[in-house]
Amino acid sequence: MNYSAAAPSVWDPSFDGAPDCLLSSDQCVIKAQHHFVKGLVEIPVIGSSDVFSWGVWVSLSRENFSRAADLWDTPGRESERPYFGWLTTELPVYSPSTVNLKTRLHTRPVGRRPLIELEPTDHPLAVEQRTGITLARVREIAQAVLHPADNNS
């Protein structure tokens, strides 16, 4: 019931090991100038208590990234106001592109990934987050993600 991107779409393997770059399971910095946090776009599954989630990356300003990083292991961090960010993960099952959709990143209790709320636009991902998806749509997403070559024929 979830798919997770390992890195922001702008990450390049050549950055690995560079002193001004970092990629962990939760945070990413590129050339000490671009800052990212991983969170979840959660989509309710219609007729179920289940939630489908996309593990995606959001770019934050240096100030918001620093604040989030400072509070990362602090109990009560979920009382922080949401941080504005730009979605930085390409989800190939959507058109147009999901890169650069406006978001609000909501911190949650320590140990839980932040929740990513998309700006309420008519983009298909934003619509699905607001209205939910069927179990058939979950299966369609799983097929597309697990067998991308099948979608090109």
Side-chain angles (χ1 to χ4, degrees), residues 1-18 20-31 33-61 64-65 68-69 72-73 77-78 80 82-153:
M1 294 296 284
N2 63 65
Y3 164 80
S4 189
S9 60
V10 293
W11 178 262
D12 186 278
S14 68
F15 298 150
D16 198 27
D20 58 352
C21 296
L22 160 83
L23 177 61
S24 73
S25 60
D26 299 307
Q27 300 173 351
C28 178
V29 177
I30 297 175
K31 301 198 181 279
Q33 295 178 30
H34 307 284
H35 305 83
F36 310 89
V37 171
K38 192 170 189 179
L40 299 174
V41 172
E42 294 183 343
I43 302 174
V45 178
I46 297 167
S48 165
S49 61
D50 290 333
V51 172
F52 177 83
S53 62
W54 291 105
V56 297
W57 294 85
V58 172
S59 67
L60 299 179
S61 68
N64 284 344
F65 179 83
W72 202 257
D73 295 317
R77 70 181 190 170
E78 63 274 15
E80 273 290 285
Y83 303 116
F84 174 80
W86 298 95
L87 190 64
T88 318
T89 300
E90 183 66 62
L91 299 175
V93 300
Y94 296 99
S95 180
S97 173
T98 55
V99 171
N100 290 329
L101 292 176
K102 292 180 182 179
T103 68
R104 293 170 57 86
L105 184 126
H106 299 263
T107 54
R108 297 200 274 196
V110 173
R112 292 195 61 206
R113 282 206 189 280
L115 175 68
I116 296 171
E117 174 191 8
L118 295 164
E119 179 183 43
T121 65
D122 61 355
H123 188 282
L125 178 59
V127 171
E128 287 184 350
Q129 186 177 43
R130 287 193 310 274
T131 63
I133 58 176
T134 63
L135 202 49
R137 174 67 173 143
V138 172
R139 285 192 289 273
E140 180 184 304
I141 290 169
Q143 176 68 23
V145 169
L146 296 173
H147 306 288
D150 296 350
N151 302 322
N152 296 330
S153 46

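Each of I46, V45, D50 was scored for a side chain to side chain contact (heavy atoms under 4.5 Å, CB included) with V138, with one residue passing: V45.
Taking CG of D20 as the reference point, atom NE2 of H34 lies at 10.0 Å (rounded to 0.5 Å). The CD atom of Q129 sits 11.0 Å away from the OG atom of S53 when rounded to the nearest 0.5 Å. The OH atom of Y83 sits 13.0 Å away from the OG1 atom of T103 when rounded to the nearest 0.5 Å. The line from CG of L87 to NZ of K102 is 13.5 Å long, rounded to the nearest 0.5 Å. We find the CD1-CE distance between I43 and M1 to be 10.0 Å, quoted to the nearest 0.5 Å. For the atom pair NZ of K38 and CD1 of I116, the computed distance is 10.0 Å after rounding to the nearest 0.5 Å.
Shortest non-hydrogen contact noted between G85 and L60 is CA-CD2, 4.2 Å. Nearest heavy-atom pair across C28 and F65 is O-CE1, 4.1 Å.
Here the side chains of P109 and R77 are not in contact, with every heavy-atom distance at 4.5 Å or above. Residues Y3 and V93 are not in side-chain contact: their nearest non-hydrogen atoms beyond the backbone lie 4.5 Å or more apart. Side chains of L135 and S48 form no contact here, defined as non-hydrogen atoms less than 4.5 Å apart. N2 places none of its side-chain heavy atoms less than 4.5 Å from the side chain of L40. Side-chain contact check for L101 versus H123: some heavy-atom pair is nearer than 4.5 Å. L23 places a side-chain heavy atom less than 4.5 Å from the side chain of P8. Considering only heavy atoms from C-beta on, F36 comes within 4.5 Å of V10 through its side chain.
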Let me see the working for E128 and F52 under side chain to side chain contact (heavy atoms under 4.5 Å, CB included), right down to the final yes or no.
CA-CA 10 Å; E128 287 184 350; F52 177 83; over 6 Å; no

Before giving the answer on side chain to side chain contact (heavy atoms under 4.5 Å, CB included), spell out for F15 and I30 the whole-Å C-alpha distance, their side-chain angles and the decisive distance to 0.1 Å.
CA-CA 7 Å; F15 298 150; I30 297 175; 3.7 Å; yes

Go through it in stages, so that I can follow the logic: the residues are L91 and V41, the test is side chain to side chain contact (heavy atoms under 4.5 Å, CB included), and I'd like the CA-CA distance, side-chain angles, deciding distance and then a yes or no.
CA-CA 11 Å; L91 299 175; V41 172; over 6 Å; no

Report the C-alpha distance between K31 and C21 in whole Å, list the side-chain angles of each, state the deciding distance to 0.1 Å, and finish with yes or no for side chain to side chain contact (heavy atoms under 4.5 Å, CB included).
CA-CA 5 Å; K31 301 198 181 279; C21 296; 4.2 Å; yes

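Classified by interplanar angle (parallel below 30°, tilted 30° to 60°, perpendicular above 60°), the ring pair Y94/W54 is perpendicular.
Checked against side chain to side chain donor-acceptor pair (under 3.5 Å), R108 has the following partners two or more places apart in sequence or in another chain: E42. Among residues two or more places apart in sequence or in another chain, the side chain to side chain contact (heavy atoms under 4.5 Å, CB included) test is passed with P82 by R104, H106. Scored by the salt bridge (charged side-chain N to carboxylate O under 4.0 Å, His left out) test, E140 finds R137 as partners (sequence neighbours excluded).
When atom types are taken as modelled, the side chain of T89 and the backbone of G55 share no donor-acceptor pair closer than 3.5 angstrom. Not one N or O on the side chain of T88 forms a donor-acceptor pair closer than 3.5 Å with the backbone of S9.
Between the side chains of S24 and D26, no donor-acceptor pair is found at a separation under 3.5 Å.
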